[in-house]
Number of protein chains: 2
Amino acid sequence: MATGRTHRPATRSRGIPEATVARLPLYLRALTALSERSVPTVSSEELAAAAGVNSAKLRKDFSYLGSYGTRGVGYDVEYLVYQISRELGLTQDWPVVIVGIGNLGAALANYGGFASRGFRVAALIDADPAMAGKPVAGIPVQHTDELEKIIKDNGVSIGVIATPAGAAQQVCDRLVAAGVTSILNFAPTVLSVPDGVDVRKVDLSIELQILAFHEQRKAGEETAAGDGARPAATPREESADQGPDGDVPAVMPA
Amino acid sequence: MATGRTHRPATRSRGIPEATVARLPLYLRALTALSERSVPTVSSEELAAAAGVNSAKLRKDFSYLGSYGTRGVGYDVEYLVYQISRELGLTQDWPVVIVGIGNLGAALANYGGFASRGFRVAALIDADPAMAGKPVAGIPVQHTDELEKIIKDNGVSIGVIATPAGAAQQVCDRLVAAGVTSILNFAPTVLSVPDGVDVRKVDLSIELQILAFHEQRKAGEETAAGDGARPAATPREESADQGPDGDVPAVMPA
DNA sequence: CTCTGTGAAACCCTTCACAGCG
DNA sequence: CGCTGTGAAGGGTTTCACAGAG
């Protein structure tokens, strides 16, 4: 499903749009911050600003989850945190393995936001025998030979690939064969996976290239249009809507 | 879109859709691989498969760039590599600074794909005085105090933020004030920036949460529907199209 | 006859604007 | 009266399907 689609009414009656799913983590983060400051309720306007989207979008998104707000008041922070967590499946624990413990893999292993909120690094795996046994972020690295056993013993369904591009597809195949059905790929390659397996990719150089495209445009415009002072004298910034958000889903049905 | 918008016809007459821009780097990577294997031409079908999209989409994307193919034959690999590079602004060199040299920042500094293809790490910046002078990936780390000077001396317009969440907005403000107009944000926060500044974010925990959402669905469906064989009896799934692609742009105009 | 380039249809997502609950 | 929830309108993106260049 990834895409779900109109096939059968998909799971139950709620077909949450992918674009909405991609924003739920953003709302959750903003709500968690409010929760920590003991703020009891928020309006769609305030929460939207904190999450970097506009309020209409936020209300529409929440409408897919149900009617969790109170008209004239706003949303109960704690209640929403719970509802969104549940919707995202974060009320359960997801064991994750990271394959490829180079610079990036190690950084990921050390990343705090990882462990928090539902995810637990079950194992670190690397092909280099010299790495075996060495602890990274307090977890001993295991050799690739153990991959299948680790996946099965820990019931891992989510794998993170941080290997060089050349090894990614092979690692991916082994992960999938061992039972992993969701993969977060940091290697700069297109992975092919069977139906039913979701892949999301994070690609640094692609992001930079997209920025370069826009940067180039700006440079071109300067010459063409105005100029003079700073291009952007503007700062108005309406604040709100912004954010990098943008990502539309990407999980593909494979 | 993000940028541009209908304001003025935007730059020139070609308004390349954001979704297309986001895929150009993918095509470029696939083409580069073909180029290295000295493949002279490719059909839309082959190239699409290599990039993980479907051929109709690829042809439509290329149609925004112009008519670079030959009917009955396909596309000339070298020529396309050049055209896409130019369109993305990769024929020029983009100096980039990375701020926050922790685990992640160091991993980014060491990332090869970074240096290649148009980007050059002009400086590494960190707030920790103890880091100053220490070389990371062969580049000595400089203290945050130097930030403005570094940006100006090197003509940097693209900045990468890899600091803890708490420091990100402040670093962002300084980068922007110093002249940076494109930011790639790895810190888990929503940044606010003035008009004219593009921000893209890469957020690990968000990606994982999206995967968890789908993972949860799969688990639920198993119980509910069919079972037996493969859960997905469904999908039309035509194979091809795949890939993580998905990303819709995200650069917002601030 | 093959494979590109592209109108047109179909979809999905966002934005608008307001009915109506509290 | 404020703020949510939501039909309806408006864009943008993807897919279809085919005209037509080579």
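Note that this is a predicted model, so its numbers are computed, not measured. Naming: A, B, ... by sequence-line order, numbering from 1 per chain.
- Atom P of nucleotide D/dT4 and atom OH of A/Tyr27 are separated by 13 Å, given to the nearest angstrom.
- One finds a side-chain N or O of B/Ser44 lying less than 4.0 angstrom from the OP1 or OP2 phosphate oxygen of C/dT4.
- Donor-acceptor pairing under 3.5 Å is recorded for the side chains of B/Ser44 and B/Arg59.
- Of the possible donor and acceptor atoms, one in the side chain of B/Ser85 sits under 3.5 Å from a partner among the backbone N and O of B/Val81.
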Protein-nucleotides 20-22 of chain C N/O pairs closer than 3.5 Å?
none

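- D/dT13 atom C1' lies 15 Å from atom CG of B/Leu58, rounded to whole Å.
- For the pair B/Phe62 CZ and D/dT14 P, the interatomic distance rounds to 14 Å; values are reported in whole Å.
- The shortest side-chain heavy-atom distance between A/Ile183 and A/Val176 falls under the 4.5 Å cut-off.
- Between the side chains of A/Gln169 and A/Thr189, no donor-acceptor pair of N or O atoms lies under 3.5 Å.
- For B/Arg23 and D/dT14, the shortest distance from a side-chain N or O to OP1 or OP2 is below 4.0 Å.
- Taking 4.0 angstrom as the limit, B/Lys57 places none of its side-chain polar atoms (N or O) nearer than this to OP1 or OP2 of D/dT13.
- B/Arg59 has its CZ atom 13 Å from the C1' atom of D/dT14, to the nearest Å.
- Between B/Asn54 and D/dT14 there is no side-chain N or O to OP1 or OP2 distance below 4.0 Å.
- Dashed line: the shortest gap from a side-chain N or O of A/Lys60 to OP1 or OP2 of C/dT15 is not under 4.0 Å.
- By the ring pair (Phe, Tyr, Trp, His ring centres under 6.0 Å) test, B/Tyr82 is found to be paired with no residue, residues two or more places apart in sequence or in another chain being considered.
- Not one N or O on the side chain of B/Glu78 forms a donor-acceptor pair closer than 3.5 Å with the backbone of B/Pro40.
- Here the P atom of nucleotide D/dG22 and the OH atom of B/Tyr68 are 17 Å apart, to the nearest Å.
- Side chains of A/Arg29 and B/Ser205: a donor-acceptor N/O pair is present below 3.5 angstrom, by distance only.
- Distance A/Leu80 CG to D/dC3 P: 16 Å, rounded to the nearest Å.
- One can place CD of A/Glu45 at 12 Å from P of C/dC16, the figure rounded to the nearest angstrom.
- Residues A/Asp61 and B/Gly69 each lie close to DNA chain C; by heavy-atom proximity, the contact nearer the 5' end of the strand is made by B/Gly69.
- In this structure, of C/dT14, C/dG7, D/dG5, it is D/dG5 that holds the atom nearest to the side chain of A/Tyr75.
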